[in-house]
Amino acid sequence: MADLSPRFAFNERLRLASENKTVICYGETGEAVRLLQQSLIELGYWMDKSLQKFNTPDGIFGSETLDRVRAFQTGHGLYPDGKVGHKTLEKLSELLPNMGPILPPLPKKASFKHRVKLHFRSLVLTDLPISFQEANARMTYAKYGIYLDVRSGMSMNLSEDDRKKFESVDVGECVDNKLTEELGSLHKIGLQGVAENEIVIYFAKDVTDETNSKINGCAAINTSRPAVVVAWDASPWTLGHELGHVLLGNFTPGHSTDTANLMYAPSADITNNPPDLTVDQLKAIRASKYISPF
Ligand SMILES: [Zn+2]
């Protein structure tokens with residue numbers, strides 16, 4: 001068979017499954033299942049239930065995982081038996097040939113203390129791998145007991161004109177933390193159904209600054225309702241970083257000089273997986289009006 005992707009090859013259990021020695025199926029639990037869940041999520045097979053407890057895949061091959069494995073198999077011309085063996089792993093390896101994110105160890109029990117309510121709005125995108133950024137952001141905040149509670153998503157009903165207009169979102173000099181006219185008009189539509197203490201995150205095809213250069217994302221915080229925009233192909237930590245700006249509010253310094261910190265800029269150069277937050281940053285974040293008890 002084609003080589004097993006490095007994201008699977010280091011796991012003994014997955015190697016056995018790929019040789020069809022013993023397939024992975026309903027009822028199995030453990031690290032191999034987590035790696036499969038994470039991979040399916042990255043490919044767009046979202047798993048709400050399996051993420052709910054720990055904010056990272058729970059490693060339980062239950063009915064949700066079974067459903068997603070079958071959907072994946074059906075979508076890729078495989079027989080949908082819901083069992084992960086040679087063929088399913090071969091297809092997954094082909095689609096995800098690189099090392100994936102390193103999953104944090106599963107906590108002994110769920111230990112969330114806080115929650116932040118988010119609404120995802122996707123612009124002009126159809127099937128792009130947003131869940132990779134989402135999984136990373138979840139992991140980052142989960143480390144500190146903060147649960148990212150996604151209340152609604154994903155696509156936005158735009159008119160044909162708006163669709164063209166928001167193909168690329170101009171956020172101007174994001175350093176000012178203010179809404180550009182374009183972001184302002186987008187926000188008017190995007191805020192529908194979003195409560196005062198909840199945050200909207202826009203996923204755009206392109207995000208551009210005042211010089212029309214592509215950037216990863218921006219958080220306009222000095223507005224009555226903050227707006228977060230993230231490019232779909234941004235760095236693994238962009239979503240968490242921009243969300244950090246909103247939660248930190250006017251905390252200074254807004255950016256850290258420590259490359260291990262979530263608030264290091266550019267976020268593409270962050271070295272820790274998942275990134276850290278300092279005690280002071282956490283204090284400010286926990287005091288944010290966007291944070292509520294879990
Ligand atoms: Zn920043």
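Remember, it's 1-based here, ligands and their atoms both numbered in the order they're listed.
- For an aromatic pair to be called close, the ring centres must be under 6.0 Å apart, and His187 with Tyr202 satisfies this.
- At a cut-off of 3.5 Å, with distance as the only test, a side-chain donor of Gln37 or Asp58 sits close to an acceptor on the other residue.
- Below the 2.8 Å limit, the Zn ion (ligand 1) has as protein N, O or S neighbours His241 NE2, His245 NE2, His255 NE2.
- Side chain to side chain, Ser50 and Arg34 fail the donor-acceptor criterion of an N or O pair below 3.5 Å.
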* **Steps toward side-chain hydrogen bond (donor to acceptor under 3.5 Å, both in side chains) verdict (Asn11, Glu31)** => CA-CA 8 Å; Asn11 184 284; Glu31 210 48 34; over 6 Å; no
* To do: Give the intermediate values and the outcome of salt bridge (Lys or Arg N to Asp or Glu O under 4.0 Å) for residues Glu64 and Arg68.
  => CA-CA 6 Å; Glu64 185 182 59; Arg68 302 305 186 268; 3.6 Å; yes
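- Ring orientation note: the planes of His255 and His241 are close to parallel, at an angle under 30° on the 30°/60° scale.
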